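Following: one structure in structure tokens, then a few remarks.
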Amino acid sequence: MKKIALGETLPINIIEVSEVEGKNKFKVVFRDDDNFEGIMYLDVEIPKGAAELKIVHKEKQFE
């Protein structure tokens, strides 16, 4: 899988989405441009097809 820097996007193709039983999560299987497969777990269901994966860092805010 290609390495991407913070803030860059990686074009992917979502090939499988399934609900994880008892976890309120969705297992998402994707493939990148180089045909490497990866898995991510999301709180929301997303449709199959073309998408972009973007890595964003959110710094915790302390009061």
Side-chain angles (χ1 to χ4, degrees):
M1 184 158 299
K2 293 179 185 175
K3 290 185 179 183
I4 61 174
L6 187 64
E8 291 184 335
T9 59
L10 175 66
I12 59 173
N13 188 30
I14 307 293
I15 55 176
E16 180 185 327
V17 179
S18 58
E19 192 170 355
V20 179
E21 195 172 319
K23 297 284 185 182
N24 290 333
K25 301 272 183 197
F26 293 90
K27 178 182 175 183
V28 179
V29 181
F30 63 92
R31 190 173 288 137
D32 72 4
D33 288 352
D34 294 330
N35 247 3
F36 288 108
E37 284 190 15
I39 297 173
M40 58 185 158
Y41 293 90
L42 302 176
D43 293 335
V44 295
E45 186 174 11
I46 60 174
K48 293 180 187 176
E52 287 185 339
L53 182 60
K54 184 173 186 172
I55 306 302
V56 179
H57 180 266
K58 278 181 88 172
E59 188 174 323
K60 244 184 182 175
Q61 298 292 324
F62 295 99
E63 292 184 26

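What you see is a predicted model; the values in this text were computed from it and never measured.
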Given Val28, which partner from the list Lys48, Glu45, Met40 fulfils the side-chain contact (heavy atoms from CB on, under 4.5 Å) test?
Met40
Spacing of [atom1] belonging to [X] relative to [atom2] belonging to [Y], to within rounding of 0.5 Å:
| X | Y | atom1 | atom2 | answer |
| --- | --- | --- | --- | --- |
| Glu21 | Lys27 | CD | NZ | 13.5 Å |
| Leu10 | Phe36 | CG | CZ | 11.5 Å |
| Phe30 | Ile15 | CZ | CD1 | 9.5 Å |
| Glu19 | Asn24 | CD | CG | 7.5 Å |
| Glu37 | Asp32 | CD | CG | 9.5 Å |
| Lys25 | Leu42 | NZ | CG | 8.5 Å |

Quick check on Asp34: does its CG atom have over 12 non-hydrogen neighbours (other residues, nucleotides or ligands) under 6.0 Å away?
yes
Same cluster or not: are Tyr41 and Ile14 linked, directly or through other Ile, Leu, Val, Met, Phe, Trp or Tyr residues, by side-chain heavy atoms under 4.5 angstrom apart?
no
Please report the shortest heavy-atom distance between [X] and [Y], naming the atom on each side.
| X | Y | result |
| --- | --- | --- |
| Ile12 | Leu53 | CD1-CB, 4.1 Å |
| Phe26 | Val20 | C-CG2, 4.3 Å |
| Leu6 | Ile55 | CD1-O, 3.6 Å |

